[in-house]
Amino acid sequence: MNDSSVSRSEHQALRKQVYVWQFPVRLFHWINALAITILFLTGIYIGNPILTPRGEAYQNFIMGQIRAWHGIFAFIFIANLLFRLYWFWAGNEYSKLRLWRKEFWGDLVATFKYYTFMTREHTLHLGHNALAQLMYFLFIWLAGALMILTGLAMRSGEDPGGVLYSIFGWVIPGFRGEYQVRNLHHLFAWSYPLFLLGHLYMVFRQDILDDDGTVSSMINGYKFELVGSGESDNSSLPEDMLSTAK
Amino acid sequence: MPTRIVVDPITRIEGHLRIEVVLEGNKITDALSSGTLFRGIEKIVENRDPRDVWAFVQRICGVCTHIHAIASVRAVEDALDYRIPKNANYIRNIMTLTQFVQDHVIHFYHLHGFDWIDVVSALKADPAQTSALAQSISGWPLSSAGYFRDVQTKVKTLVESGQLGIFANAYWGHPAYRLPPEANLMGVAHYLEALNWQKEIAKVHAVFGGKNPHPNYLVGGMASAININGNNTINIERLNLVKTKIEEAQTFVDQVLMPDILAIANFYKKDLYGGGVRNYLAYGGVPTVDVRNPDSYLFPGGIVLDRDLSKVYDIDLKDPKHIQEFVTHSWYRYDDPQAGLHPWQGRTEAQYDGPKPPYENLDENKRYSWIKTPRWQGKPMEVGPLARFIIGYARGNQRMRTLVDDALKKLDLPLSALFSTLGRTLARALETKYSVDHLAGFHADLVANIKAGDSAVFNPDKWDPSTWPATAQGVGYCEAPRGALAHWIKINKGKVESYQAVVPTTWNASPRDAQGQIGPYEASLLDTPLANPDQPLELLRTIHSFDPCLACATH
Amino acid sequence: MGKQGGVKLPSSDSFYRWARSKGVTRRDFLKFCTLAAAMLGLDAAAVPKIVQALETKPRMPVIYLNLQECTCCGESFLRSAHPLVADLILNMISLDYMEPLMAAAGEQAEAAKAKTMKDYNGKYLLVVEGSPTLGDGGIYCTIGGKTATSILEEAAAGAAAVIAYGSCATNACVQGAYPNPTQAVPVRRVVTTKPVIDVPGCPPIAEVITGTIVHYLTFDKIPELTNQGRPRAFYEHRVHDGCNRRAFFDAGQFVESFDDEGAKQGWCLYKMGCKGPTTYNACAVTQWNDGVSYPIKSGHPCIGCSENNFFDNTPFYTHLADIPNGAIGFNPDKVGVGALGVAGVGVLAHAAATGAIKGREKEEKKGS
Ligand code: HEM
Ligand code: HEM
Ligand code: NFV
Ligand code: SF4
Ligand code: SF4
Ligand code: F3S
Ligand SMILES: [Mg+2]
């Protein structure tokens, strides 16, 4: 809680540094951020290729290049997500996403109330709150699955005898034709800047209001927890997951 | 005791046409023409981008493929006051005349031919005499006795096999067939040749429109860029391909179609039934200069009433009193079922209240067709090649007059003979000749214009909808192979607000109007005799002489 | 004379004997077989198979139905150059029913069809052009007083296989576009008990339909199909993947406006709305009208005429179609930018509210 009636030094003293984001999560995060940024930019370029080079066709390969990078980062994006799936299982408590838990939905309501100013206080989290989790689920996992499905289906069309096609070919008739697949791929691409806008706002807002190190946490892994506030929802965490401030 | 006979399906046409006639003795005393297919394309194009609409409405029909696209792009261009480059006009003209020639030849041989030519009689022909006949009327090289014997053998083998395919169950041997076996054999041979040839002339469409059927069009011009030094554009190879196909077409029409029609007409010239309604309408079409300049049209427009060629009336397609569509006997809903609506006010709302299928009969006193009933100042009108030639003749078009006068002289028939089933078919052949002769001219115009340094095929000025007025309305008209065609469009904020097509076969095959006046098909059957009511060959002949297109008529 | 023969072909009779009896030489016959093989995309090793097939098969009866359509597909069929359509319908198959071509009319026409359906039950090929319509009990298309849909059901029941010919038959095409006033549906929706081969296109290339039929005649089985149910030989690849403008696509050289400098250089039509990248058809390879051209070669973008829904994938002249369709939809980029704008405003408002409310809370605390 950003309680400004407490002096800066008192504040520091009351805080405990907690190792929240393990290295693999941070690595995942930044690879993901990079891949998405590049996929979105190259993707939008593919949809609206604005550069028109002169000369003979053989001298230029702009569209081909952009499509190639889109393809490369598509596979990085996919691999990264697969890794993250594994880390849900292998990682620490903060790395989990458990929408099915009762607490999740209660927390979701509470967090929603907090963000709509219906309550003053938010539930305490060292990991992310339920609303954030839901957003990650929708924008990263669901939209990602859709992008991957539609993207791989389009890719597979280049080699209809190939392996990709035998796995993802069904998507094309499933969406009543490749054009719809492509249009949807394009439409859902917009979910990423939309997510990023909300994400950055929330991350910086959180950091400013609570001064809990949220922004830097995705770099060094540490967040701050108020000691003895009694509001922590992480009291059940094993000791070794909490590390004290130096 | 009158009997009622039904012919459904009428075959060798486009689409689904049902004819019912009341017969007293061998005389038809009443007739009903019903279009039994509806798709609702006028509704489907609502709220769409006007620049897209040509592709939708082109699919009204694939037999007169291309022509609805022309009407559509013109409607949009008229609404937006959008001018097209000279080359685009030439190319559109080349494509239109190509379509006339191709469609008319297919009609003459493949859709209409068996009404005049008895295939089974051809088996009795002496190939040597057929050869003599063929060589006496034309210089067409495929005319040896051996050639005709091969054709005969081909047909014989087919018939003997018992698997008659498309020849099965027809009216062979009917007393209304009048050709000697030798002429029948020649007809069969040309049926097959025409089938092979028609695909060649279609290549002209492929050059400019990418494919045939259903070539591509563009509001504001054409998409086929011209760059005579380009290797992926209209260049000299493409122009030569077009030229060659035009020349082949000219030869085919001169050496096969024209001699055939005159030979056949000569045997049937006493059968002058099927005249039908006495009024003729053409909007005019194929602008040699510009669509805004009707004086430049290859086919003059106008109205001839009561077969009186001394006066030609003008048509105003934008005048709400000139052209109206009624639905008194059609399966559509109007607020006032007796009213006639000008197409800018027109509506297409299906409301079927006919019998539940399967049914035996329709009732001419009720609503009985998906075809609406267009009228000019309340009068039924015949449209098509005959109407165009009558109006051209009355307007004093010299070339048309010469064609008509020469043919009638050769057949020793008066001008009034044109008002018949045979006259309709003759006019279509003359129009094929008229069209093919002008094709070469437009090709030359196009080349000359390119040579003069103008390679534009598209005008980008009004392509962007932001340059359009908030609301606009237009009409695009032309002459289609089967007659006068127009599309009316209203545009609102860049989208189609309403769209109505009034199509040649809508005019000709229309059911009764609010006054109970019958349309051209129905009228033409009233004086068509039937020698054998079980085999209504003459009925087919008269109906086919209009070249029915039902997908067009109902859309 | 004039009677429909009741004679069935003796089973020993064959296309080859047939052809020989009509004076076709063995050399011509073999040439034809080689051509047929080339057209089907087969190598020389397959030629003997074709030869053998055609030497031993009788002419197959074909019933061709026209439902809700524009007959353009039928017209395209007539344009076939190899085989010539005259050869196909007179020598290779027995076209027992096809309204636009058959000599008989009315009852006699229907009788011809009924006879084939009876005599060759389970053995005839059914080709369907046009869509069945389900709206209001099928009254939007009737033939002989019967609904086209019931006619289709009846004819399909005794067919060996069904070819849904053209986009009307495979995806209801223009009449199936929004709002589909007549409830036009693909043939597959009505024919569920027989193999249906989809041969889409508006219309398809002539040699694609005749090739599909000849494949069936020759190999006695339906051609291998793509996962969309279309013959692989013609629909396996996208127009884009064999397009003669593809080099310009990869280079990034696009026509920006019809008839501009790029257009005069034959550049790629992608930005003019070309649907080639998502359209599975043989246009770029087989080409139209005996190899003369195809839409893109002649400067117009592909409108995707072999694809489901293509008349709703509009507007045609933009790369992205409106979603859900051209008559009632929105451009995806506009939706995206719009949503982003709304979210941006939302974020700003929320930030302002946060500032105000938290500021007040601070004041309250100070005051307390
Ligand atoms: C395309 C850009 C980005 C994407 C797709 C993205 C995505 C994500 C995802 C999926 C998580 C959850 C991590 C997990 O549980 O595995 C997350 C968390 C986080 N991200 Fe990002 N991120 C992006 C950019 C950024 C940037 C630029 C920053 C910092 C300035 C940032 C800071 C954080 C922080 C601090 C968290 C932890 C938030 C919390 O406590 O809820 N992210 N991000
Ligand atoms: C964050 C994820 C992604 C974003 C934002 C994204 C965005 C885009 C966009 C905007 C387009 C242009 C569509 C158009 O207008 O035609 C596109 C095309 C494409 N994307 Fe993605 N994409 C993503 C992931 C993927 C993935 C995972 C694949 C998988 C292989 C993929 C494959 C493709 C393909 C094949 C195309 C078509 C390009 C072409 O063939 O020219 N994309 N993408
Ligand atoms: N009627 C008609 Fe058409 C023609 N010609 C239309 O405009 O055939 Ni389908
Ligand atoms: S698919 Fe197209 S070309 Fe074929 S009948 Fe239907 S509308 Fe006509
Ligand atoms: S013109 Fe169309 S199909 Fe050809 S390369 Fe360009 S986008 Fe692809
Ligand atoms: S519009 Fe159709 S004809 Fe071929 S190039 Fe496109 S699929
Ligand atoms: Mg209409």
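FYI, side chains are in, hydrogens and waters are out, and symmetry mates aren't considered; it's all heavy atoms of this structure. Here is how names work: the chains are called A, B, and so on, in the same order as the sequence lines, proteins then strands, and each is numbered from 1.
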Of the backbone (N, CA, C, O) and the side chain (C-beta and beyond), which part of [X] lies under 4.5 Å from a heavy atom of chain C, both, or neither?
X        : answer
B:Arg59  : both
B:Gln102 : side chain
B:Asn229 : neither
B:His16  : side chain
B:Lys156 : neither
B:Trp54  : side chain
B:Glu46  : backbone
B:Ile60  : backbone

*asked:* Would you call the rings of B:Phe458 and C:Phe258 parallel, tilted or perpendicular, taking 30° and 60° as the class edges?
replied: perpendicular

_Can you classify the ring geometry of B:Trp463 versus C:Tyr317 as parallel (below 30°), tilted (30 to 60°) or perpendicular (above 60°)?_
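Aromatic pair B:Trp463/C:Tyr317 classed perpendicular.
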
Measure across [X] and [Y] and return the closest heavy-atom pair with its distance rounded to 0.1 Å.
X        : Y        : answer
B:Gly210 : C:Trp288 : O-CB, 3.9 Å
C:Ala177 : B:Arg48  : CB-NH2, 3.9 Å
B:Phe38  : C:Gln68  : O-NE2, 3.0 Å
C:Ser94  : B:Gln163 : OG-CB, 3.5 Å
B:Ala168 : C:Ala104 : O-CB, 3.4 Å

Top contributor to chain C contacts, counting heavy-atom pairs under 4.5 Å, from [options]:
options                              : value
B:Ala206, B:Gly113, B:Ser224         : B:Ala206
B:Cys61, B:Ala350, B:Gly15           : B:Cys61
B:Ile44, B:Leu37, B:Val207           : B:Ile44
B:Val63, B:Asp49, B:Ile106, B:Val119 : B:Val63
B:Asn47, B:Ile19, B:Thr36, B:Asn227  : B:Thr36
B:Arg238, B:His110, B:Lys495         : B:Arg238

*Just by distance, do the side chain of B:Asn169 and the backbone of C:Gln108 share a donor-acceptor pair under 3.5 Å?*
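Confirmed, B:Asn169 side chain pairs with C:Gln108 backbone.
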
Is [X] in contact with chain B via its backbone, its side chain, both, or neither, using a 4.5 Å heavy-atom distance?
X        : result
C:Asn244 : both
C:Ile143 : both
C:Ala81  : both
C:Ile328 : neither
C:Asp322 : side chain
C:Thr133 : neither
C:Ile139 : both
C:Gln287 : neither

_If you count every heavy atom of other residues, nucleotides or ligands that lies below 6.0 Å from B:Asp464 atom CG, does the total exceed 12?_
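Check passes, neighbour count above 12.
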
*Per the side chain to side chain contact (heavy atoms under 4.5 Å, CB included) rule, which among B:Val457, B:Ile226, B:Leu218, B:Asn87 passes with C:Asp259?*
B:Val457

*Charged N to carboxylate O below 4.0 Å: is that the case for C:Asp290 and B:Lys203?*
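B:Lys203 and C:Asp290: salt-bridged.
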
_ring-ring contact (aromatic ring centres under 6.0 Å, His included), paired with C:Tyr140, selected from B:Tyr352, B:Trp331, B:Trp370_ =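 When ring-ring contact (aromatic ring centres under 6.0 Å, His included) is applied between C:Tyr140 and each of B:Tyr352, B:Trp331, B:Trp370, only B:Trp370 qualifies.
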
*Any residues in residues 353-361 of chain B near chain C, with a heavy-atom distance under 4.5 Å, and which are they?*
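B:Pro357, B:Pro358, B:Tyr359, listed by number.
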
